[in-house]
Asker: 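Before I ask anything, here is the structure I am working with.
The structure presented is a predicted model; accordingly, all values stated were derived computationally and were not measured. To find a chain, count down the sequence lines: A is the first, B the second, and so on, and within it residues start at 1.
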Amino acid sequence: MAMVGDAISHAVLPGIVIAFLVTGSRESVPMLIGAGTLGLLTTFLIEFFHRYARVQSDAAIGVTFTWLFAIGIILLSVFAGQVDLDQDCVLYGEIAYVPLDIWLTDSGYNFGPRTIWTLSVVALLITAFIFVGYKELFLTAFDPGYAAAIGLSTTAWYYALMGAVSLTTVASFESVGAILVVAFLVAPPATAYLLTDDFRQMLLLSVGLGILASVAGYYLAVWLDGSIAGAIATVTGLEFMLALFFSPSRGLLLRRKQVQPVQL
Amino acid sequence: MNQFLEFFSFADANVRYVTLGSVLLASSSAVVGCFTLLRKRALVGDAVAHAVLPGVCLAFILSGTKNPLILLLGAFVTGWFSLIVIDFITSRSRIKEDTAIGLVLSVFFGIGILLLTSIQHSGNASQSGLDKFLFGKAASLVGEDLITFSIVAVLLLVTTLVFYKELMLLCFDQAYAKTIGFPVRTLELLLTTLTVLAVVVGIQAVGVVLMAAMLITPAAAARFWTDKLKLMLVIAALIGAFSGVAGAFVSYTAPAMPTGPWIVLIVSMIAIASFSFAPKKGWFSRIARQRRNRRLILEENLLKLLYHLGEQKQDFFSPRSLPNLLERRNIPKDQARTGLDKLRRQGYVEKSKEGWRLTTQGQKRGRRVVRLHRLWELYLTQYLNLASDHVHEDAETIEHIITPDLEQKLMEELNYPQLDPHSAKIP
């Protein structure tokens with residue numbers, strides 16, 4: 001499923017551009033709607049190509065997201081004059097500009113950076129979604145057959161989950177760009193997966209790893225004077241590598257030690 | 001029209017470069033893409049495309065020059081390394097391949113972005129142009145690039161031709177290749193190298209994200225037109241070449257248009273059209289085939305029904321009313337009516353006031369279906385030792401599929417039987 005996240009994060013681009021053209025502003029809500037729609041459309045297209053046209057699944061993913069991304073870039077260049085989005089921002093964002101985009105009410109009251117607000121709302125929504133749907137998500141992830149047998153709609157939950165993925169992607173888009181979102185989506189859970197067998201622990205661990213990576217990434221970026229998002233992605237990769245080799249339960253280096261006595 | 005002629009006269013050197021470059025690139029990566037697609041590793045190309053970036057930046061930092069060869073070398077090294085890492089993670093941990101691809105892709109790209117921005121902020125004046133690797137610069141190809149493209153394209157094509165048989169075996173039957181003593185590991189490395197090479201060169205034309213499409217999309221489209229690898233390679237190359245020309249043409253007529261995304265857009269449209277309309281494998285012909293089969297099954301079931309009714313009193317040709325028919329078998333009324341109408345037009349049944357009745361032709365066909373059904377039931381009970389009350393369902397489906405050849409074989413196997421397991425006569 002990891003690559004579907006990757007596909008969505010690329011394919012939301014035309015949605016963002018269209019929302020931008022229709023409303024003519026960088027308001028978060030229309031952008032979220034535009035991108036959310038495209039995210040679901042991507043999921044649907046991939047399913048459709050795979051199931052009905054029998055395209056092999058990896059090719060279905062590859063064709064869909066590159067196609068939509070190309071449309072997005074073309075739209076960007078057609079309306080280059082009217083769209084205040086640039087290609088670099090799309091690819092790797094710039095989290096350092098976040099404090100500059102301030103949310104001012106008409107009366108002039110300063111609410112602080114706009115992105116912080118959007119991201120907080122999205123974070124709350126996602127947390128609520130997971131709390132409410134925890135059991136259902138858990139079941140559909142681990143035992144779709146059983147979930148279907150007790151009357152859960154696996155399709156509905158699948159699309160709900162993909163909707164959540166699109167939402168997160170879009171919200172993070174401005175700050176970190178289309179590709180690095182994937183690092184945040186994939187790396188912390190994969191790392192946590194190497195560290196624990198318990199799903200609850202895995203959720204908490206991945207949140208913790210994400211926070212750790214953000215803080216460490218920020219200092220790395222300052223030190224190298226580079227992109228913050230890029231640095232965070234680098235740190236998530238580092239975390240994964242450490243877990244891969246040194247995880248107490250399944251790290252490559254430690255596991256080998258455990259196996260040795262058995263061989264003797 | 002005028003522009004069309006202008007473009008295709010290739011009088012303008014720039015047009016020549018861009019078109020030729022796009023064609024070379026698109027067709028050679030399409031050929032390599034066929035192999036990765038058939039090995040079910042299509043997205044690997046995407047990972048390599050992203051992983052190239054840190055290599056380019058590192059090469060620049062270490063060498064301090066923008067010599068394209070050195071940058072390409074750096075790109076090649078990290079691209080290659082990323083594939084090794086993916087393999088390592090998938091084989092040594094419980095992380096699945098797609099997760100590993102997503103992880104490697106984004107982390108390598110993150111490192112690349114970190115280095116790139118760090119270089120940009122360092123105020124080194126000679127750095128400008130590195131970001132061309134991100135989005136490509138198909139529209140500003142120059143003669144020098146073209147030479148590199150041609151060399152790589154020729155190299156890729158020649159290598160695939162030379163190792164055609166080996167690569168084919170690798171894609172279709174790896175285990176067999178290993179048994180007959182092919183160096184499978186080496187061949188895998190060769191394919192990896194070819195992929196990385198295609199990506200490293202192509203990325204300069206279409207950019208990081210869209211490079212994946214140049215590998216996957218023409219191959220996926222070609223897969224729908226043929227089952228032969230040779231043909232598939234040719235078709236994929238042609239699709240790639242066509243979109244290369246078309247993309248170059250679009251950006252020639254509208255200079256604001258980026259060439260790379262247009263190539264990808266066009267190739268994607270071709271692919272989607274192939275998924276839908278390709279004969280045999282396309283979505284529409286699949287639906288048509290399903291509908292045809294369903295109709296055939298309905299017709300045969302109706303004939304069988306009429307035959308069964310006739311069998312009771314050996315009066316095959318007396319008319320039956322529709323409710324009478326539906327009593328024995330649960331077929332939706334409208335379906336039964338349209339099915340019977342079709343059969344009437346084909347001359348298998350006749351309609352009179354009292355109802356429907358079989359013609360001689362229809363009796364023959366109905367008899368055949370019943371016969372196949374009973375033969376199969378007998379075969380299952382005799383050869384698979386299934387209980388006689390378990391075989392009906394299976395026979396119900398197979399009766400529409402058995403060919404005259406198979407029928408003959410069944411007869412021979414079963415020694416020309418008279419009765420089925422339910423002691424009904426085999427007609």
Asker: Got more than 12 heavy atoms from elsewhere within 6.0 Å of OH, Y159(A)?
Answerer: yes
Asker: Measure across L37(B) and A59(A) and return the closest heavy-atom pair with its distance rounded to 0.1 Å.
Answerer: CD1-CB, 3.5 Å
Asker: Between R39(B) and D58(A), does any NZ, NE, NH1 or NH2 come within less than 4.0 Å of an OD or OE carboxylate oxygen?
Answerer: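 Judged by the 4.0 Å cut-off on N to carboxylate O distance, D58(A) and R39(B) do not form a salt bridge.
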Asker: With the side chain counted from C-beta on, respond yes when V264(B) and I73(A) share a heavy-atom pair under 4.5 Å apart, and no when they do not.
Answerer: no
Asker: Could you check if a side-chain atom of V107(B) sits within less than 4.5 angstrom of a side-chain atom of T234(A), using non-hydrogen atoms only?
Answerer: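 They are not in side-chain contact.
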Asker: If we define contacts as heavy-atom pairs under 4.5 Å, which of A221(A), A183(A), P189(A) has the most with chain B?
Answerer: A183(A)
Asker: Within this structure, what is the CD1-CG distance for the pair I228(A) and L114(B), rounded to the nearest 0.5 Å?
Answerer: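 One finds 10.5 Å between CD1 of I228(A) and CG of L114(B).
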Asker: Please check: side-chain N/O of S227(A) versus main-chain N/O of T117(B), any donor-acceptor pairing under 3.5 Å?
Answerer: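 No, S227(A) side chain to T117(B) backbone: no donor-acceptor pair under 3.5 Å.
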Asker: So which part of F108(B) gets closer than 4.5 Å to some heavy atom of chain A, the side chain, the backbone, both or neither?
Answerer: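 Neither; nothing under 4.5 Å.
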Asker: Is the closest side-chain heavy-atom distance between I95(B) and F240(A) below 4.5 Å?
Answerer: yes
Asker: Would you say CZ of F172(B) has more than 12 non-hydrogen atoms from neighbouring residues, nucleotides or ligands within 6.0 angstrom?
Answerer: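 Counting other residues, nucleotides and ligands, CZ of F172(B) exceeds 12 neighbours.
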Asker: Begin from the C-alpha positions of R54(A) and F275(B) and carry the test side-chain contact (heavy atoms from CB on, under 4.5 Å) through to its verdict.
Answerer: CA-CA 8 Å; R54(A) 305 278 170 89; F275(B) 298 163; over 6 Å; no
Asker: Under 4.5 Å, counting heavy-atom pairs only, tell me which of A70(A), G217(A), A233(A), G237(A) racks up the most with chain B.
Answerer: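 Top option by heavy-atom pairs under 4.5 Å: A70(A).
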Asker: In Å, rounded to the nearest 0.5 Å, how long is the span from CG of L103(B) to CE of M241(A)?
Answerer: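 The CE atom of M241(A) is 11.0 Å from CG of L103(B), to the nearest 0.5 Å.
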Asker: Kindly compute the distance separating OG (S106(B)) from CG (D6(A)), expressed to the nearest 0.5 Å.
Answerer: 7.5 Å
Asker: Between Y193(A) and T99(B), is a side-chain contact (heavy atoms from CB on, under 4.5 Å) present by the stated rule, with each step listed?
Answerer: CA-CA 11 Å; Y193(A) 186 56; T99(B) 314; over 6 Å; no
Asker: Only pairs of heavy atoms separated by less than 4.5 Å count here; which of K281(B), K96(B), H50(B), R41(B) has the most with chain A?
Answerer: H50(B)
Asker: Taking atom CZ of F138(A) as the centre, does the number of heavy atoms from other residues, nucleotides or ligands within less than 6.0 Å exceed 12?
Answerer: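 Count over threshold, so yes.
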Asker: For F49(A), is it the side chain, the backbone, both or neither that has a heavy atom under 4.5 Å from a heavy atom of chain B?
Answerer: side chain
Asker: Think R286(B) forms a cation-pi with Y52(A), using NZ or CZ under 6.0 Å from the six-ring centre and within 45 degrees of its axis?
Answerer: no
Asker: Considering only heavy atoms, which portion of L68(A) lies under 4.5 Å from any heavy atom of chain B: side chain, backbone, both, or neither?
Answerer: neither
Asker: Inspect the surroundings of CZ in R51(A) and state if more than 12 heavy atoms from other residues, nucleotides or ligands are less than 6.0 Å away.
Answerer: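 No, because the 6.0 Å sphere around CZ of R51(A) holds 12 heavy atoms or fewer from other groups.
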Asker: Between L220(A), V235(A), L194(A), I71(A), which residue shows the highest count of heavy-atom pairs closer than 4.5 Å to chain B?
Answerer: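 With the most close heavy-atom pairs to chain B, the winner is L194(A).
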Asker: Please report the closest heavy-atom contact between S268(B) and W67(A), naming both atoms and the distance.
Answerer: CB-CD1, 3.2 Å
Asker: Output the option from T64(A), V63(A), L238(A) having the highest count of non-hydrogen pairs under 4.5 Å with chain B.
Answerer: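 Answer, by heavy-atom pair count under 4.5 Å with chain B: V63(A).
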Asker: If we only count heavy atoms from C-beta on, is the V55(A) to F224(B) side-chain gap below 4.5 Å?
Answerer: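 Yes. Closest side-chain heavy atoms under 4.5 Å.
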Asker: Going through the checks in order, is the side-chain contact (heavy atoms from CB on, under 4.5 Å) test met by I216(B) and T66(A)?
Answerer: CA-CA 10 Å; I216(B) 304 171; T66(A) 49; over 6 Å; no
Asker: Got a second to check how far H10(A)'s NE2 is from L210(B)'s CG, nearest 0.5 Å?
Answerer: 8.5 Å
Asker: Take atom OH in Y219(A); do more than 12 heavy atoms of anything else shown fall under 6.0 Å from it?
Answerer: no
Asker: First locate atom CZ of F48(A), then atom CD1 of I272(B), and finally report the distance between them rounded to the nearest 0.5 Å.
Answerer: 10.0 Å
Asker: Counting N and O atoms only, with roles assigned by atom type, does the side chain of R92(B) sit under 3.5 Å from a partner on the main chain of L244(A), one being a donor and the other an acceptor?
Answerer: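 Checking the backbone N and O of L244(A) against the side chain of R92(B), no donor-acceptor pair under 3.5 Å is found.
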